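What you see is a predicted model; the values in this text were computed from it and never measured. All chains are named by letter (A, B, ...) in the order of the sequence lines, taking the proteins before the strands, and each is independently numbered beginning at 1. Scope of the values below: all heavy atoms of this structure, side chains included, with no hydrogens, waters or symmetry mates.
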Number of protein chains: 2
Amino acid sequence: MSKSDLPRPTDSELSILRVLWRRGPSTVREVLEEMAPGTGYTTVLKFLQIMAEKGLVRRDESRRTHVYRPAASREETQRKLTGDLIKRAFNGSAKSLVLQALSGTKASAEDLAEIRRLLDEIETKKAKR
Amino acid sequence: MSKSDLPRPTDSELSILRVLWRRGPSTVREVLEEMAPGTGYTTVLKFLQIMAEKGLVRRDESRRTHVYRPAASREETQRKLTGDLIKRAFNGSAKSLVLQALSGTKASAEDLAEIRRLLDEIETKKAKR
DNA sequence: TTGACATTACGAATTTCTTCGTAGTTACTG
DNA sequence: CAGTAACTACGAAGAAATTCGTAATGTCAA
């Protein structure tokens with residue numbers, strides 16, 4: 001099963017993935033401790049089990065206490081979600097999304113500079129071809 | 001109820017909204033004709049009814065055949081969805097999303113130019129303050 | 001007016017999402 | 001070794017999403 005076959009994570013699943021990306025491989029309890037207070041242990045456990053079924057996380061069962069890690073990196077997932085949003089809400093235009101994100105937010109001067117740098121890089125690469 | 005209270009549209013709902021944004025106020029049948037072939041009439045009808053309940057669309061019942069229109073503009077919805085994604089998958093960093101969208105796609109030279117133009121505009125505005 | 005037809009309303013069936021309770025299992029502690 | 005603590009497995013329950021079938025109703029032509 002290729003990575004692109006992974007389903008889009010739901011909101012709840014994403015909040016768990018965020019923890020795993022930040023912490024690296026983790027047990028249920030470790031994830032739980034970083035979740036919103038009031039979250040139940042078995043709720044997190046169940047999600048991780050479901051996510052393992054879906055292929056969103058891998059499970060190491062070699063020890064008594066299972067250890068979960070993300071199946072896809074944060075970047076891969078971000079890419080997938082972004083591409084998805086572009087297709088679903090922006091008629092496939094990445095440009096539209098970028099313009100929307102830029103206008104709808106207050107990015108710092110450094111952020112803008114970094115974006116310019118990436119633009120330069122892309123255009124340089126494009127020119128070289 | 002303020003616009004920001006509108007729920008995030010599901011995938012199916014979004015595909016209907018896309019039609020409404022393109023066509024403007026439409027009947028069930030008109031929407032149906034622009035949906036993927038094989039879609040059932042009552043399926044579209046039901047979605048529009050649910051969406052009306054949720055506030056995602058407004059319904060004009062003055063005529064026998066009801067006419068539906070989006071409650072929020074394409075831009076507003078795009079803004080909401082983008083902000084949502086930034087929060088859920090990019091730790092609140094719009095910059096990250098922009099960089100991801102830019103690197104993960106092949107934007108045309110004009111697209112890039114347009115983005116630069118917007119960057120200029122933003123920085124000009126920022127400088128004026 | 002009476003069909004024929006299009007439309008809306010209603011609700012049912014199925015799937016997924018979300019949350020938790022409970023039961024069973026393993027490991028440690030006194 | 002008994003008891004407790006922690007963990008996994010299982011399933012249930014409610015809400016939402018998705019898709020349609022069927023019934024009820026209004027419209028218009030013959």
Side chain of [X] - closest among [options]:
| X | options | answer |
| --- | --- | --- |
| B:Val28 | D:dA17, D:dT18, C:dT8 | C:dT8 |
| A:His66 | D:dT8, C:dC10, C:dT18 | D:dT8 |
| A:Thr65 | C:dC17, D:dT18, D:dC7 | D:dC7 |

Can you check the [X] [atom1] to [N] [atom2] distance for me, whole Å?
| X | N | atom1 | atom2 | result |
| --- | --- | --- | --- | --- |
| A:Leu45 | D:dC10 | CG | P | 11 Å |
| B:Ile50 | D:dA16 | CD1 | P | 11 Å |
| B:Leu17 | D:dA17 | CG | C1' | 15 Å |
| A:Arg63 | C:dC28 | CZ | P | 13 Å |
| B:Leu14 | D:dT18 | CG | C1' | 15 Å |
| A:Asp11 | D:dA15 | CG | P | 19 Å |
| A:Glu53 | D:dG11 | CD | P | 12 Å |
| A:Leu56 | C:dT18 | CG | C1' | 15 Å |

* Asked: Can we say A:Lys87 and B:Asp11 salt-bridge, meaning some charged N sits less than 4.0 Å from an Asp/Glu carboxylate O?
  ->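 No, A:Lys87 and B:Asp11 are not salt-bridged.
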* **Residues B:Glu33, B:Arg23: salt bridge by 4.0 Å N-O rule** =>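 Salt bridge between B:Glu33 and B:Arg23, a charged N being under 4.0 Å from a carboxylate O: no.
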* Could you write nucleotides 20-30 of chain D as a row of B, S and -, 5' to 3', where a protein heavy atom under 4.0 Å of any base atom gives B, of only sugar-phosphate atoms gives S, and otherwise -? -> BBB--BBS---
* **Over all atoms of both residues, closest heavy-atom pair of A:Leu6 and A:Gly55** =>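 Heavy-atom minimum between the residues: CD2-O, 3.2 Å.
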* Asked: Looking at B:Pro25 and B:Arg69, what are the two nearest heavy atoms and their distance?
  ->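 Heavy atoms only, the tightest pair is CG-CB, 4.0 Å.
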* To do: Please confirm whether the backbone N or O of B:Leu81 pairs with a side-chain atom of B:Arg8, one donor and one acceptor, at under 3.5 Å?
  =>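 Side chain of B:Arg8 to backbone of B:Leu81, a donor-acceptor pair under 3.5 Å: no, none is there.
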* To do: Would you check if the side chain of A:Ser108 reaches a backbone N or O of A:Asp111 as a donor-acceptor pair within less than 3.5 Å?
  =>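 Flag set: sc A:Ser108 to bb A:Asp111 pair under 3.5 Å.
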Would you please confirm or rule out a distance under 4.0 Å between OP1 or OP2 of [N] and any side-chain N or O of [X]?
| X | N | result |
| --- | --- | --- |
| B:Arg29 | C:dA6 | no |
| A:Gln49 | D:dT8 | no |
| B:Tyr41 | C:dT8 | yes |
| A:Thr10 | C:dT18 | yes |

* Comparing B:Phe47 and A:Glu61 on DNA chain D - which has the more 5′ nearest nucleotide ->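 Mapping each residue to its closest nucleotide by heavy atoms, the 5'-most match is A:Glu61.
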* Step by step, would you call B:Asn91 with B:Ser93 a side chain to side chain donor-acceptor pair (under 3.5 Å)? -> CA-CA 6 Å; B:Asn91 294 309; B:Ser93 163; over 6 Å; no
